[in-house]
There are 2 protein chains.
Amino acid sequence: MKEDEKTMTKPATNESGQALKKSGYHHGDLRAGLIEATRRLVEDKGPDGFSVSDACRLAGVSTAAPYKHFKDKNEMLVAMVLEGMQRHRANMLSALEGIPKGTPARVTAIGSEYVNFARRENGVFRLKFGGFTDRLEDDRLQAAGEETFGIVLREVAACLGETEITPEVRRRGFMLWSFVHGLSFLLVDKKLADMGGETELESLLSDIAERVLVD
Amino acid sequence: MKEDEKTMTKPATNESGQALKKSGYHHGDLRAGLIEATRRLVEDKGPDGFSVSDACRLAGVSTAAPYKHFKDKNEMLVAMVLEGMQRHRANMLSALEGIPKGTPARVTAIGSEYVNFARRENGVFRLKFGGFTDRLEDDRLQAAGEETFGIVLREVAACLGETEITPEVRRRGFMLWSFVHGLSFLLVDKKLADMGGETELESLLSDIAERVLVD
DNA sequence: CTCGCAATGTTAGCTCCTCTAACATATGTT
DNA sequence: AACATATGTTAGAGGAGCTAACATTGCGAG
């Protein structure tokens with residue numbers, strides 16, 4: 001194969017995330033490039049400061065290009081959030097590694113990762129849960145959320161010695177989720193900065209887990 | 001000038017008693033009219049679906065009129081949210097009437113009103129806490145939030161037999177606020193509709209209050 | 001009461017944004 | 001090599017936020 005000419009069509013490609021700009025007439029993977037640009041811009045300027053035009057500039061394409069890949073602005077955001085939620089879920093799962101099953105420590109670990117994701121990927125978090133983009137109530141997002149909640153429920157069930165998701169398990173899981181969810185929002189909103197330290201956070205999470213999981 | 005047309009304009013007051021539309025050249029109280037229009041539109045179309053132009057149409061003025069009263073769109077939203085938060089706080093306070101001091105029932109009552117406000121005035125709630133409008137981080141909003149949290153802290157202190165806001169009181173209050181806050185978001189987001197009933201809600205709230213306030 | 005000013009509206013218009021239509025270019029299948 | 005399709009581009013409609021300049025009204029001082 002002619003490496004010298006064909007592969008030169010995407011020199012801007014860079015594994016550190018710089019596959020954003022195109023070089024020739026065609027981009028190579030504009031869809032991924034736009035999603036990445038969307039992510040960066042939303043993190044940077046906030047969900048409502050984001051514009052498709054900005055994403056196009058970042059990706060180095062014309063403002064009409066996105067519409068070959070996404071129905072509209074909303075679809076772009078949905079695609080970006082879906083990607084983020086996969087990362088979120090993967091992070092939560094990997095946070096469980098090495099922690100004995102059936103212990104509240106697992107619940108705490110999940111909660112910790114949940115909060116940290118909300119802080120690290122603030123934009124994704126707000127988009128998913130903050131109520132932007134009215135019809136961001138996409139079925140896929142809904143399903144992704146349920147799946148994430150399923151991880152929590154499984155751990156709660158184990159802690160309570162249940163083998164199935166009983167109504168009581170669901171109830172306790174819901175309590176925990178509410179707490180962690182609210183905690184994420186409050187920390188991200190910079191309310192009560194004094195609770196934001198890593199040790200404070202761990203302390204709060206394990207405290208709550210114990211209070212909710214104890215009979 | 002067509003005098004007859006002016007007089008033919010509708011009375012322009014509606015069920016809420018507020019004069020949304022103007023009748024003559026001057027509106028009378030356009031600032032209040034725009035805030036009310038903003039509130040309705042945000043409730044109706046969601047925070048991101050809201051436009052100043054729509055509010056102008058609702059109020060019956062030109063699209064430039066708001067800028068005599070508000071610096072920009074963001075200021076309009078801040079003003080509307082501030083109004084809503086005053087209602088929120090007043091509701092929480094009146095929910096306390098008749099409940100013996102120092103009992104967890106007071107904390108539960110506040111939580112219940114918190115959640116119900118989030119459901120009733122979804123738009124205000126999302127605007128205040130959902131992270132819209134980057135610089136909605138207005139000092140006045142921040143202060144209003146602190147004040148509302150103060151109500152919770154006072155009740156928590158009473159339940160714990162403290163006379164001051166100790167760090168431990170603050171910690172417990174923060175736990176409760178996180179929970180109620182997250183609960184509001186999840187219910188509003190329609191996750192877990194099975195927990196949304198009034199009795200379910202009361203049960204959850206009192207359950208949590210007990211778990212967090214017990215030593 | 002009238003005059004004049006400040007407050008409050010209006011119109012026109014700039015810039016930017018979303019999204020579409022029509023056209024252009026690369027890709028890959030036959 | 002040739003065509004069909006995918007994926008870009010430019011041009012432009014339509015709407016939103018906001019400003020400048022102009023118009024109307026209410027109100028206080030003389």
Side-chain angles (χ1 to χ4, degrees), chain A residues 1-2 5-10 12 19-35 37-38 41-42 45-79 132-136, chain B residues 1-3 5-7 9 12 19-35 37-38 41-42 45-80 132-136:
Chain A
M1 299 304 267
K2 313 204 171 205
E5 288 212 319
K6 291 294 179 186
T7 52
M8 265 192 57
T9 52
K10 32 180 172 177
L20 253 60
K21 290 178 191 159
K22 67 157 185 176
S23 58
Y25 190 99
H26 282 101
H27 180 284
D29 194 352
L30 181 55
R31 185 185 159 86
L34 283 173
I35 288 178
T38 299
L41 288 168
V42 167
K45 310 198 166 189
D48 60 327
F50 165 77
S51 77
V52 176
S53 310
D54 278 343
C56 291
R57 277 185 278 275
L58 235 186
V61 294
S62 71
T63 61
Y67 301 93
K68 297 289 191 219
H69 299 274
F70 306 95
K71 180 173 140 269
D72 55 18
K73 178 181 185 176
N74 205 71
E75 281 271 320
M76 272 176 77
L77 291 170
V78 168
F132 286 82
T133 58
D134 295 325
R135 72 194 71 92
L136 197 70
Chain B
M1 286 315 214
K2 330 272 193 217
E3 302 289 324
E5 284 208 339
K6 275 191 184 176
T7 48
T9 51
L20 231 62
K21 290 182 190 164
K22 67 160 183 173
S23 54
Y25 190 98
H26 282 104
H27 181 285
D29 193 353
L30 182 54
R31 186 186 158 86
L34 282 173
I35 288 178
T38 299
L41 287 168
V42 167
K45 310 197 164 189
D48 60 327
F50 166 76
S51 76
V52 176
S53 311
D54 277 344
C56 291
R57 277 185 277 277
L58 234 186
V61 294
S62 72
T63 60
Y67 300 94
K68 298 290 187 202
H69 299 273
F70 307 95
K71 180 174 140 268
D72 54 17
K73 178 181 183 176
N74 205 71
E75 281 271 321
M76 273 176 76
L77 291 171
V78 168
M80 186 273 277
F132 285 82
T133 59
D134 295 324
R135 72 194 68 92
L136 196 70

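So that the names make sense, note that chain A is the first sequence line, chain B the second, and so on, each numbered from 1. Predicted model only: the values in this text are computed from it and were never measured.
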Most 5' of A/Tyr67 and B/Arg31 on DNA chain C, judged by nearest nucleotide = B/Arg31

Would you kindly compare B/Ala65 and A/Thr63 by the position of their nearest DNA chain C nucleotide and give the one closer to the 5′ end?
->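 In this pair, the answer is B/Ala65.
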
Identify the heavy atoms of B/Ile35 and B/Met80 that sit nearest to each other, and give their distance.
->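 Taking B/Ile35 first and B/Met80 second, the nearest heavy atoms are O-CG, 3.8 Å.
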
Test side chain to side chain contact (heavy atoms under 4.5 Å, CB included) applied to A/Ala55 - qualifying residues, sequence neighbours left out |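 Listed in chain order: A/Leu34, A/Ala37, A/Thr38, A/Leu41, A/Phe50, A/Met76.
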
I want to check one thing: is the phosphate of [N], taken as OP1 and OP2, less than 4.0 Å away from some side-chain N or O of [X]?
| X | N | value |
| --- | --- | --- |
| A/Ser53 | C/dT18 | yes |
| B/His69 | C/dA7 | no |
| B/Ser62 | C/dG9 | no |
| A/Arg57 | C/dC17 | yes |

How long is the gap from CG on A/Leu77 to NZ on A/Lys73, to the nearest 0.5 Å?
->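 So the CG of A/Leu77 and the NZ of A/Lys73 are separated by 7.0 Å.
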
Figure out the [atom1]/[atom2] separation between [X] and [N], and round it to whole Å.
| X | N | atom1 | atom2 | answer |
| --- | --- | --- | --- | --- |
| A/Lys71 | C/dT18 | NZ | P | 15 Å |
| B/Asp54 | D/dC18 | CG | P | 14 Å |
| A/Lys73 | C/dT20 | NZ | P | 14 Å |
| A/Leu41 | C/dT18 | CG | P | 11 Å |
| B/Asp29 | C/dA7 | CG | C1' | 13 Å |
| A/Lys45 | C/dC17 | NZ | P | 9 Å |

Pick out the pairs of N or O atoms, protein on one side and nucleotides 21-25 of chain C on the other, that lie under 3.5 Å.
{"from": "C/dA24", "atom 1": "N3", "to": "A/Tyr25", "atom 2": "OH", "distance (Å)": "3.1"}

Donor-acceptor pairs are to be reported for all side-chain atoms of residues 56-70 of chain A against protein atoms at under 3.5 Å, with residues two or more places apart or in another chain.
{"from": "A/Arg57", "atom 1": "NH2", "to": "A/Asp54", "atom 2": "OD1", "distance (Å)": "3.0"}

Out of C/dC17, D/dG8, D/dC18, which has the shortest distance to the side chain of A/Leu30?
->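 For A/Leu30, the side-chain atoms sit closest to D/dG8.
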
